[in-house]
2 protein chains.
Amino acid sequence: MARSPTTSDAFNAVAEPRRRQILDLLALGERPVNDMVASLGMGQPQASKHLRVLREVGLVTVRGVGQQRLYTLNAERLKAIYDWVRAFEPFWDHQLDRIKVRAERLAGEQAAKPDQYDKGD
Amino acid sequence: MARSPTTSDAFNAVAEPRRRQILDLLALGERPVNDMVASLGMGQPQASKHLRVLREVGLVTVRGVGQQRLYTLNAERLKAIYDWVRAFEPFWDHQLDRIKVRAERLAGEQAAKPDQYDKGD
DNA sequence: TTGAAATATTCCCATTAGGGTATATTATCT
DNA sequence: AGATAATATACCCTAATGGGAATATTTCAA
């Protein structure tokens with residue numbers, strides 16, 4: 001049985017780091033293929049392949065301008081990932097709270113024991 | 001050349017839908033393997049395999065309690081995904097702003113042309 | 001029409017993995 | 001020690017893919 005296809009959903013499309021890099025670049029604005037080839041140090045066929053995946057999963061759109069194919073990010077399609085992962089956000093705040101409590105406790109202990117620093121001199 | 005290993009990073013680990021389901025379940029609290037098997041309708045060896053991936057990428061931790069292995073979510077490791085995808089949030093707000101502007105413009109035009117409604121009578 | 005530029009696609013190869021089946025391992029109880 | 005329960009792992013099979021190299025396709029200019 002095969003892995004989920006890269007074009008099955010946004011999760012699988014962005015699993016590949018090079019494709020994340022492409023999306024990062026497109027976040028800066030519409031670009032032609034060879035721009036991505038140069039910016040990312042990627043082979044041209046490779047770039048085209050990755051772009052095809054991104055196109056098929058709806059994460060980018062393309063329009064022809066003369067010889068160039070200009071690709072545009074469709075960030076809406078990333079919301080599925082955002083919506084899924086944000087559900088776990090409560091856990092991060094909770095842990096951050098714990099760190100704060102710990103830091104305050106430590107600060108309190110050090111305020112209560114200034115002598116330790118005097119001994120260190 | 002193979003795809004990035006599922007254990008290379010969180011992105012690749014959660015690309016597989018079943019593993020996302022496992023994480024969803026663990027978000028509700030620590031669980032033994034057979035609980036996940038029953039809740040998700042997954043085979044036991046399959047569950048173990050997926051859990052191994054999640055463990056190796058640090059998304060879950062495990063402790064033995066008698067015969068059971070209890071798995072716990074480590075949501076911190078999902079922040080990498082969150083941090084990456086949130087960078088695209090401005091695009092979503094931007095499009096939402098556009099919808100608002102459009103709605104307000106439409107509302108303004110209708111307020112400026114009440115006669116059309118009178119003619120309609 | 002030809003040549004150049006930009007890009008997409010094909011072919012090849014080796015690697016990875018997910019389900020299924022079977023088995024091994026670990027923990028507990030009698 | 002043997003049996004049971006829970007779980008991990010091995011083996012098998014098939015499918016998908018990402019880079020590389022080569023080629024095909026599209027667009028434009030001379």
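Sequence lines set the chain letters: A, B, ... in the order given, protein chains first and strands last, and positions in each chain run from 1.
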Below 4.0 angstrom from OP1 or OP2 of [N], is there any side-chain N or O of [X]?
X	N	value
B:Y71	D:dA8	yes
A:N34	C:dA5	no
A:R3	C:dG18	yes
A:S48	C:dT7	no

[X] side chain: which of [options] is closest?
X	options	result
B:Q46	D:dT26, C:dG20, C:dT16	C:dG20
B:H50	C:dG18, C:dT9, D:dT7	C:dG18
A:M1	D:dT7, C:dT7, C:dG19	C:dG19
B:T6	C:dA22, D:dT7, C:dG18	C:dG18
A:P5	C:dA17, C:dA8, D:dA16	D:dA16

Q) So, are B:E89 and A:K79 salt-bridged, with charged N and O less than 4.0 Å apart? A)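 No, no charged N to carboxylate O under 4.0 Å.
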Q. Is the shortest side-chain N to carboxylate O distance from B:R20 to A:D9 below 4.0 Å?
A.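 The answer is yes: the pair qualifies as a salt bridge.
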Q. Is the A:F11 ring parallel, tilted or perpendicular to the A:W84 ring (thresholds 30°, 60°)?
A.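 Judged by the thresholds at 30° and 60°, the geometry between A:F11 and A:W84 is perpendicular.
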Using atom [atom1] of [X] as one end and atom [atom2] of [N] as the other, report the distance to the nearest whole Å.
X	N	atom1	atom2	result
B:L70	D:dA6	CG	P	13 Å
A:L54	D:dT17	CG	C1'	14 Å
B:M42	C:dG19	CE	C1'	11 Å
B:R52	C:dA17	CZ	C1'	12 Å
B:L51	C:dG18	CG	P	13 Å
A:E56	D:dA16	CD	P	13 Å
A:K49	D:dG20	NZ	P	9 Å
A:Q44	D:dA21	CD	P	13 Å

Q.
Reading DNA chain D from 5' onward, which residue's closest nucleotide shows up sooner: A:R69 or A:G43?
A.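 Result of the comparison: A:G43.
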Within a strict 4.5 Å, meaning less than it, do heavy atoms of the [X] and [Y] side chains meet?
X	Y	answer
B:L59	B:L23	yes
B:E16	B:T6	no
A:V62	A:T72	no

Q) When you look at CZ of B:R19, are more than 12 heavy atoms from neighbouring residues, nucleotides or ligands closer to it than 6.0 Å? A)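 Yes, CZ of B:R19 has more than 12 neighbouring heavy atoms, counting only those of other groups under 6.0 Å.
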Q) On DNA chain C, nearest-nucleotide positions of B:P45 versus A:P32: which is more 5'? A)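 It is A:P32, whose closest nucleotide lies nearer the 5' terminus.
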(Q) Whether the B:R55 and B:Y71 side chains hold a donor-acceptor pair (N or O, under 3.5 Å, no angle test) is what I'd like checked. (A)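 Short answer, yes.
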Q | Residues within residues 7-28 of chain B bordering DNA chain D, heavy-atom distance below 4.0 Å | A |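 Here the set is empty: none.
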Q. Does a distance-only test, which skips hydrogens and angles, find a donor-acceptor pair under 3.5 Å between the side chain of B:Q68 and the base of D:dA5?
A.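 Absent.
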(Q) I need the minimum non-hydrogen distance between A:L25 and A:R31, along with the two atoms involved. (A)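 A:L25 and A:R31 have their closest heavy atoms at O-NE, 3.8 Å.
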Q) How many angstroms lie between CG in B:D24 and OG in B:S39, if you round to the nearest 0.5 Å? A)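 With rounding to 0.5 Å, CG (B:D24) is 12.0 Å from OG (B:S39).
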Pick out the pairs of N or O atoms, protein on one side and nucleotides 28-30 of chain C on the other, that lie under 3.5 Å.
from   : atom 1 : to    : atom 2 : distance (Å)
C:dT28 : O4'    : B:Q67 : NE2    : 3.3

